[in-house]
Amino acid sequence: MASTYAKHTCIILFAKTAFLFVIIASMQGCKGNKLTYNSNCDEGIAFKKVRFNELVTHIKAYDQQYIEVSGTYMESKEQSALYNDSLFTDHSNKHALWINFSQDCPLYLKGTRTGLFEPTNGEFVLVNNKKIKIRGKVDLHNTGHLGQYCAAIDRISLVEFK
């Protein structure tokens with residue numbers, strides 16, 4: 001009887017291990033599934049990678065510069081802004097960047113002609129409250145809706161959802 005119990009225990013242990021492996025593998029597969037939207041708006045421009053805190057703290061130094069920055073994108077009626085995704089920072093609008101999407105720089109899903117604001121397979125890409133990497137040009141004189149933001153990012157040429 002002990003050998004039957006040992007066989008069942010091994011089978012149960014193997015099944016649990018296999019199930020755990022499948023869960024971990026599926027989670028890893030989701031991590032690599034990034035959506036990248038590009039525009040050929042500013043081809044040939046070198047974008048300076050900058051940390052969000054650095055950009056907001058020294059915003060005057062980045063005026064009219066082409067930058068790449070990451071943060072959390074928030075949208076709603078009269079809101080299109082990028083916020084620092086750190087838990088240890090000020091998340092007010094004065095420490096956020098207005099994101100100025102424009103028809104002049106249409107963004108398409110990499111390898112397709114599907115636009116960022118067009119439905120894919122009948123569904124729109126949910127962009128609110130998502131961590132993104134974005135490339136564009138800093139405009140210190142555009143402070144967004146009702147002048148609430150520290151600056152704007154215009155001429156968006158890349159949006160990558162993490």
Side-chain angles (χ1 to χ4, degrees), residues 23-162:
I23 297 281
I24 291 171
S26 67
M27 289 173 65
Q28 293 296 325
C30 292
K31 281 185 179 179
N33 194 11
K34 293 182 181 179
L35 290 177
T36 302
Y37 290 84
N38 292 309
S39 170
N40 59 4
C41 201
D42 293 312
E43 285 184 326
I45 299 283
F47 290 85
K48 182 176 183 173
K49 291 182 183 181
V50 61
R51 289 188 341 261
F52 196 97
N53 279 342
E54 168 70 17
L55 178 60
V56 172
T57 303
H58 304 303
I59 195 68
K60 289 181 182 177
Y62 290 99
D63 189 30
Q64 302 305 307
Q65 300 288 317
Y66 289 89
I67 56 98
E68 176 181 295
V69 66
S70 295
T72 300
Y73 179 74
M74 302 294 286
E75 73 170 352
S76 66
K77 184 178 181 182
E78 301 173 349
Q79 180 186 28
S80 174
L82 190 67
Y83 292 84
N84 194 332
D85 54 9
S86 171
L87 298 174
F88 307 105
T89 189
D90 184 352
H91 291 101
S92 69
N93 289 347
K94 282 294 181 192
H95 291 93
L97 299 160
W98 180 258
I99 304 301
N100 193 22
F101 290 109
S102 168
Q103 293 297 326
D104 295 338
C105 296
L107 293 158
Y108 295 104
L109 186 60
K110 194 171 187 173
T112 72
R113 294 302 291 172
T114 303
L116 176 59
F117 300 107
E118 296 174 15
T120 304
N121 297 328
E123 295 183 19
F124 287 96
V125 175
L126 300 176
V127 296
N128 188 40
N129 202 23
K130 299 287 184 184
K131 292 185 181 196
I132 65 169
K133 175 170 55 174
I134 194 165
R135 288 183 186 159
K137 184 177 182 182
V138 176
D139 183 356
L140 187 60
H141 303 292
N142 180 357
T143 54
H145 180 68
L146 300 176
Q148 298 178 61
Y149 302 89
C150 68
I153 299 181
D154 291 325
R155 303 189 59 78
I156 308 300
S157 61
L158 177 127
V159 174
E160 181 179 278
F161 295 92
K162 297 181 175 188

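Side chains are part of it too, since the values below use all heavy atoms of this structure and drop only hydrogens, waters and symmetry mates.
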Q.
To the closest 0.5 Å, what do you measure between CD (Gln79) and CG (Leu146)?
A. 12.0 Å

Q. Between the side chains of Ser157 and Tyr66, does any donor sit under 3.5 Å from an acceptor?
A. no

Q: Provide the full list of salt bridge (charged side-chain N to carboxylate O under 4.0 Å, His left out) pairs with a residue in residues 135-148, sequence neighbours left out, each pair given once.
A: Glu68-Arg135

Q) Quick one: disulfide (SG to SG under 2.5 Å) pairs with a partner in residues 123-161, sequence neighbours left out? A) none

Q: Rounded to the nearest 0.5 Å, what's the gap from CG on Asn53 to NE2 on His58? Could you check?
A: 9.5 Å

Q. With ring centroids as reference points, do Phe117 and Phe101 lie under 6.0 angstrom apart?
A. yes

Q) Would Val56 and Asn84 count as a side chain to side chain contact (heavy atoms under 4.5 Å, CB included) if you check the C-alpha gap in whole Å, the side-chain angles of each, and the deciding distance to 0.1 Å? A) CA-CA 9 Å; Val56 172; Asn84 194 332; over 6 Å; no

Q: State whether the side chain of Asn129 and the backbone N or O of Met74 hold a donor-acceptor pair below 3.5 Å, judged by distance alone.
A: no

Q: Check the pair Ile67 / Ile134 against side chain to side chain contact (heavy atoms under 4.5 Å, CB included), numbers first and verdict last.
A: CA-CA 8 Å; Ile67 56 98; Ile134 194 165; 5.7 Å; no

Q | Partner residues of Glu118 under the side chain to side chain donor-acceptor pair (under 3.5 Å) criterion, sequence neighbours left out | A | none

**Q.** Smallest separation among heavy atoms of Tyr37 and Leu109, with atom names
**A.** CD2-N, 3.2 Å

Q | Point-to-point distance, once rounded to the nearest 0.5 Å, from CG of Leu35 to CG of Leu116 | A | 9.5 Å

Q) Which heavy-atom pair separates Val127 from Tyr73 by the least distance, and what is that distance? A) O-CD2, 3.5 Å

Identify every side-chain donor-acceptor pair in residues 45-52 under 3.5 Å, counting partners at least two apart or on other chains, and give the distances.
none

(Q) With a 3.5 Å distance limit and no angle check, can you tell me whether Thr36 reaches the backbone of Lys110 through a side-chain donor-acceptor pair? (A) no

Q) Given the rule in the side chain to side chain contact (heavy atoms under 4.5 Å, CB included) test, do Ile132 and Leu82 qualify, once you have shown the distances and angles that lead to the verdict? A) CA-CA 9 Å; Ile132 65 169; Leu82 190 67; 3.7 Å; yes

Q: In sequence, state the C-alpha distance, the side-chain angles, and the governing distance for Asn93 and Tyr83, and then conclude on side chain to side chain contact (heavy atoms under 4.5 Å, CB included).
A: CA-CA 8 Å; Asn93 289 347; Tyr83 292 84; 2.4 Å; yes

(Q) Could you report the tightest heavy-atom contact between Ile153 and Val69, atom names first, then the distance? (A) CD1-CG1, 4.0 Å

(Q) Return the OG to CG distance between Ser76 and Asn128, rounded to the nearest 0.5 Å. (A) 7.0 Å

Q: Have a look at Glu160 and tell me which of Lys133, Lys130, Lys131 forms a salt bridge (charged side-chain N to carboxylate O under 4.0 Å, His left out) with it.
A: Lys133

Q: Quick one: closest heavy-atom pair of Ile59 and Val138, and the distance?
A: CD1-CG1, 3.9 Å

Q. Do other residues, nucleotides or ligands put more than 12 heavy atoms under 6.0 Å from the CD atom of Gln64?
A. yes

Q) For Ser39 and Pro106, which heavy atoms make the closest approach, and how far apart are they? A) CB-O, 3.1 Å

Q) Considering residues at least two apart in sequence or located in another chain, which fulfil the salt bridge (charged side-chain N to carboxylate O under 4.0 Å, His left out) criterion with Asp42? A) Arg155

Q: Provide the closest heavy-atom pair for Cys41 versus Asp104 in the form atom of the first, atom of the second, distance.
A: SG-O, 4.0 Å

(Q) Measuring from atom CG of Asn38 to atom SG of Cys105, what distance do you get when rounded to the nearest 0.5 angstrom? (A) 12.0 Å

Q: Name all pairs fulfilling the ring-ring contact (aromatic ring centres under 6.0 Å, His included) condition that reach into residues 126-159, sequence neighbours left out, sorted by first residue then second.
A: Trp98-Tyr149

